[in-house]
K.L.:
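Take this structure, written in structure tokens, and hold onto it; I'll ask about it next.
Naming: A, B, ... by sequence-line order, numbering from 1 per chain.
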Amino acid sequence: MIYNTLTNTKEEFVPLQEGRVSMYVCGVTVYDDIHLGHARSIVVFDMVNRYLRLIGYDVTHVTNFTDVDDKIINRANEEGVDALELSARYIERYYQEIDSLNVLRADIYPKASESMEAIVAMVQDIIDNGYGYATEDGNVYFSIDAVKDYGRLTNQSLDDMVAGSRDVMQDPLKRNNMDFAVWKAAKPGEVSWPSPWGPGRPGWHIECSAMIRDRLGDLIDIHGGGNDLIFPHHENEILQTEAVTGGTLARYWMHNGMLQVRDEKMSKSLGNFLRVSEIIKNHDAQTVRFYLLNTHYRGPLVYAEGSLEEAHSSLRRLWNGYRELQAYLREPPGDDDATDIIASARERFHTEMGDDFNTRAAISALFELTREMNRMTSAATLSHQGAEDALRLLQEADSVLGILPVDKEVAEMDQVVSILADVRQELRRRRIFDLSDLIRDRLKEAGIQLEDAGEGVKWKKT
RNA sequence: GCCGGGGUAACAUAGAGGCCAUGUGGCGGACUGCAGAUCCGCAGACGGGAGUUCAAAUCUCCCUCCCGGCCCCA
């Protein structure tokens, strides 16, 4: 089930082609670093992508870069650099930052600047089909009067929107104030591309329509983005595509909720944003992902001081349980396979994920599994088979969530730490506690927490 | 004004007619040289008001507060 903004209901997900999913997610305008709000959208659709793959779909995930735009040009002028140079720089940073968030890269990242042929062709089609007109000064507008049913996604009539819209500078050559630019004539000195209407650049909405058509085809399965894009961006994308193809653009529209800071939307224009590059200095990717996925993607999420710290505390519980299971494989086993517990946890996980990607509820199932497993490992009733099955389920879930510790590092360090731990155990046995505590304290300073358990010593990174 | 999303225990979030919500934090126990982890138990809740129902946090209506969209935005 997927909640479809088009119908405002949850619908059964049926892809166009069996076993295949085409998904387009609106990316960012690259004139600054990404912030936690962008990260939310990116991580949410990363989760969607990963889950669809987990359950067997062959997904083609496309996310664009808007690298030609007023704000980029302005910023470039301020800094005295070339606009495309500036956007290329931020695209590089974007990649670094999503990598640091353990995000699976999309299959294709088209850029507006590299899709001009498709864009110009689409503008031409719009004009040819009677949905657009060029003005004498080289702009091309989409004619709102040519469409019959406006506002399907917004669920609002044209009249209502005109009534509430603020006054903006209008081009007197527009036939209708609601007409929007699909091609903008270049001002002197601006980056531009040649076109039948003179040098210029694409309007904001057209690039997505054109790139979708170019990369994925006329009709796609899922179109995603932040819910602040519903109007006008996605609304206009629909109009443009329909003007050209005569059919609808996407079957399922998914929109993630906004991240708020102190009751305000986090946004570049409000200047209240937290850069991912800053956050990642103090928090690991797993914690950030856990924070973002431990709530439903459609609802608002309010960031407050300490939110990430709290997320980390919660997440540690999962980590502890996970490591406990790994350690348990080296201990004398019990004979309980916990088959039912694990099976019902798996079922619950998939039921919740299948219900419009309810990661919050799916994570609850993992916590409950962890409690059961902790109970059984501490009582040593769990079998090795049971521990392996539970680990496998956690790993399966993690292939979607990306919140568990990375095993590789653990294995590398395990050997070294265990030597120190053994020495310390011997000191404790001889009741030389000052030295044993010294080892523990020094390790803690190095970010490694030793924990004495009944049967042995465990360690983890703090 | 119009259109969405929200208001759930100290905090963060699920849930959407009856059944034990999840985590953090708090309190009390078990374990323990100490610390930590873990387990067991406890407290504490559905913004307000009507209504429907045997039964409402969940459905209907009214009110109220917050956030977002209607120029740019994930």
K.L.:
Select one nucleotide: of U38(B), U24(B), U22(B), the one nearest the side-chain heavy atoms of Ser314(A).
P.N.:
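Of all the options, the side chain of Ser314(A) is nearest to U24(B).
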K.L.:
Let me know, please, whether Arg40(A) or Phe290(A) comes out on the 5' side of the other along RNA chain B by nearest nucleotide.
P.N.:
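Going by which nucleotide is closer to the 5' end, it is Phe290(A).
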K.L.:
Does OP1 or OP2 of C40(B) have a side-chain N or O of Arg375(A) closer than 4.0 Å?
P.N.:
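Answer yes for this pair, as a side-chain N or O of Arg375(A) is under 4.0 Å from OP1 or OP2.
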K.L.:
Would you please name every residue forming a side-chain hydrogen bond (donor to acceptor under 3.5 Å, both in side chains) with Ser22(A), sequence neighbours left out?
P.N.:
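In terms of side-chain hydrogen bond (donor to acceptor under 3.5 Å, both in side chains), with neighbours along the sequence ignored, Ser22(A) is linked to Asp221(A).
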K.L.:
How many Å lie between NZ on Lys444(A) and P on C34(B), as a whole number?
P.N.:
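These atoms are roughly 16 Å apart.
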K.L.:
To the side chain of Gln260(A), which of C67(B), G36(B), G69(B) is closest?
P.N.:
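For Gln260(A), the side-chain atoms sit closest to C67(B).
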K.L.:
One thing to verify: whether Asp437(A) and Arg428(A) come together as a salt bridge, which I'm taking to mean a side-chain N less than 4.0 angstrom from a carboxylate O.
P.N.:
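Answer for the salt bridge query: no.
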K.L.:
Any chance you could encode RNA chain B as dot-bracket? Rule is Watson-Crick or G-U wobble with both distances under 3.5 Å; [ ] for pairs crossing earlier ones, | for another strand.
P.N.:
(((((((..((((....[..)))).(((((.......)))))....(((((..]....))))))))))))....
K.L.:
Among U38(B), G23(B), C72(B), which nucleotide sits nearest the side chain of Lys71(A)?
P.N.:
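The nucleotide sitting nearest to the side chain is C72(B).
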K.L.:
Considering every strand and a 4.0 Å limit on heavy-atom distances, what is the contact class for Gly257(A): base, sugar-phosphate, or nothing?
P.N.:
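The answer is base, as Gly257(A) lies within the cut-off (heavy atoms under 4.0 Å) of a base atom.
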K.L.:
For Gln449(A) and C34(B), what is the distance between atoms CD and P respectively, to the nearest whole Å?
P.N.:
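One finds 16 Å between P of C34(B) and CD of Gln449(A), rounded.
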K.L.:
In whole angstroms, how far is the P atom of C11(B) from the CG atom of Leu308(A)?
P.N.:
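Distance, rounded to whole Å: 19 Å.
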K.L.:
Which is it for His234(A) and His255(A) under the ring-ring contact (aromatic ring centres under 6.0 Å, His included) test, yes or no, and what are the steps along the way?
P.N.:
CA-CA 10 Å; His234(A) 289 163; His255(A) 294 280; 5.0 Å; yes
K.L.:
A35(B) P sits how many Å from Leu443(A) CG, rounded?
P.N.:
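Rounded to the whole Å, the gap is 19 Å.
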K.L.:
Calculate the interatomic distance between Asp228(A) atom CG and G69(B) atom C1'; express it in whole Å.
P.N.:
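Atom CG in Asp228(A) sits about 8 Å away from atom C1' in G69(B).
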K.L.:
Thinking salt bridges, do Asp33(A) and Arg93(A) make one under a 4.0 Å N-O criterion?
P.N.:
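A salt bridge is present here (some side-chain N lies under 4.0 Å from a carboxylate O).
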K.L.:
Quantified in whole Å, what is the C1' atom distance between nucleotide C27(B) and nucleotide C63(B)?
P.N.:
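Approximately 39 Å lies between the C1' atom of C27(B) and that of C63(B).
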K.L.:
Determine, stepwise, if the pair Tyr322(A) / Leu391(A) fulfils side chain to side chain contact (heavy atoms under 4.5 Å, CB included).
P.N.:
CA-CA 7 Å; Tyr322(A) 181 69; Leu391(A) 280 168; 3.5 Å; yes
K.L.:
Measuring from the side chain of His35(A) (C-beta onward, heavy atoms only), which nucleotide among G23(B), A35(B), A74(B) has the closest atom?
P.N.:
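Comparing G23(B), A35(B), A74(B) against the side chain of His35(A), the answer is A74(B).
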K.L.:
So, for Tyr94(A) and Phe65(A), is the gap between ring centers shorter than 6.0 Å?
P.N.:
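Yes, the ring centres sit under 6.0 Å apart.
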K.L.:
Asn256(A) CG to G68(B) C1': how many Å, rounded?
P.N.:
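Interatomic distance, CG of Asn256(A) to C1' of G68(B): 12 Å.
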K.L.:
Classify the side chain of Arg440(A) versus the base of A35(B) as yes if they form a donor-acceptor pair under 3.5 Å and no if they do not.
P.N.:
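Counting by modelled atom types and ignoring angles, a donor-acceptor contact under 3.5 Å is found here.
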K.L.:
When rounded to the nearest Å, what value does the distance between P atoms of C59(B) and G15(B) take?
P.N.:
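To the nearest whole Å, 12 Å.
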K.L.:
Just N and O in the side chain of Arg317(A): are any of them under 4.0 Å from OP1 or OP2 of U38(B)?
P.N.:
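Checking U38(B) against Arg317(A), a side-chain N or O does come within under 4.0 Å of OP1 or OP2.
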K.L.:
Centroid separation under 6.0 Å, is that true for the rings of Tyr31(A) and Tyr90(A)?
P.N.:
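Aromatic pair excluded; centres sit 6.0 Å or further apart.
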K.L.:
Mind calculating the distance between CG (Asn236(A)) and C1' (G69(B)) to the nearest angstrom?
P.N.:
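Between C1' of G69(B) and CG of Asn236(A): 13 Å.
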K.L.:
Of the nucleotides C39(B), A21(B), G36(B), which has the atom closest to the Glu368(A) side chain?
P.N.:
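In terms of side-chain proximity for Glu368(A), the closest of C39(B), A21(B), G36(B) is A21(B).
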K.L.:
Between U24(B) and A37(B), how far apart are the two P atoms, rounded to whole Å?
P.N.:
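Looking at atom P only, U24(B) and A37(B) are 10 Å apart.
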K.L.:
Taking the basic N atoms (NZ, or NE/NH1/NH2) and the acidic carboxylate oxygens, is any pair closer than 4.0 Å for Glu396(A) and Arg346(A)?
P.N.:
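Yes, charged N to carboxylate O under 4.0 Å.
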K.L.:
Quick one: do Glu352(A) and Arg360(A) make a salt bridge, cutoff under 4.0 Å?
P.N.:
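Here Glu352(A) does not pair with Arg360(A) in a salt bridge, since their nearest N and O are not under 4.0 Å apart.
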K.L.:
What distance, rounded to whole Å, do you find between the two C1' atoms, one in C65(B) and one in U52(B)?
P.N.:
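Each nucleotide's C1' atom is 26 Å from the other's.
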K.L.:
Would you list the pairs meeting salt bridge (Lys or Arg N to Asp or Glu O under 4.0 Å) in which at least one residue belongs to residues 300-313 of chain A, sequence neighbours left out?
P.N.:
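Pairs touching residues 300-313 of chain A that pass the test: none.
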K.L.:
Once each nucleotide of nucleotides 12-19 of chain B is scored for protein heavy atoms under 4.0 Å, what B/S/- sequence comes out, 5' to 3'?
P.N.:
BBSS----
K.L.:
The side chain of Arg428(A) lies closest to which of these nucleotides: C34(B), C72(B), U38(B)?
P.N.:
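The nucleotide sitting nearest to the side chain is C34(B).
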K.L.:
Counting heavy atoms from C-beta on, name the nucleotide in G33(B), C39(B), A74(B) closest to the side chain of Met258(A).
P.N.:
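Output: A74(B).
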K.L.:
Go through the structure and list residues passing side-chain hydrogen bond (donor to acceptor under 3.5 Å, both in side chains) with Asp389(A), not counting sequence neighbours.
P.N.:
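side-chain hydrogen bond (donor to acceptor under 3.5 Å, both in side chains) check on Asp389(A) returns Gln385(A), Arg392(A).
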K.L.:
With no angle test and no hydrogens, is the base of G33(B) tied to the side chain of Asp437(A) by a donor-acceptor pair under 3.5 Å?
P.N.:
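In this structure, the two groups form a donor-acceptor pair.
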K.L.:
Residues two or more places apart in sequence or in another chain: which of them pass side-chain hydrogen bond (donor to acceptor under 3.5 Å, both in side chains) with Asn282(A)?
P.N.:
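Result, side-chain hydrogen bond (donor to acceptor under 3.5 Å, both in side chains) vs Asn282(A): none returned.
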K.L.:
Could you check how far CG of Leu325(A) sits from P of A37(B), rounded to whole Å?
P.N.:
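Result: 18 Å.
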K.L.:
In whole Å, what separates the P atom of G17(B) from that of G6(B)?
P.N.:
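Those two atoms are separated by 15 Å.
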K.L.:
How far, in whole Å, is A50(B) from A55(B) if one measures between their P atoms?
P.N.:
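Pairwise P distance, A55(B) against A50(B), rounds to 16 Å.
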K.L.:
Using the C1' atom as the point on both nucleotides, what is the distance between C46(B) and A10(B), in whole Å?
P.N.:
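The answer is 15 Å between these two C1' atoms.
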K.L.:
Scan Phe180(A) against the nucleic acid and name what it touches under 4.0 Å (heavy atoms): base, sugar-phosphate only, or nothing.
P.N.:
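The answer is nothing, as Phe180(A) stays clear of every strand by at least 4.0 Å.
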K.L.:
Gly27(A) near the nucleic acid: base, sugar-phosphate alone, or nothing, with a heavy-atom cut-off under 4.0 Å?
P.N.:
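Sugar-phosphate, no base atom in range.
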K.L.:
To the side chain of Cys26(A), which of A74(B), G69(B), U38(B) is closest?
P.N.:
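Nearest listed nucleotide: A74(B).
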K.L.:
What's the gap between A57(B) and G69(B) when it is taken at their C1' atoms, as a whole Å value?
P.N.:
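Between the two C1' atoms, the distance is 28 Å.
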K.L.:
Stacking check: are the rings of Phe433(A) and G33(B) less than 5.5 Å apart at their centres and under 30 degrees in tilt?
P.N.:
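Taking the rule of under 5.5 Å and under 30°, the ring of Phe433(A) does stack on G33(B).
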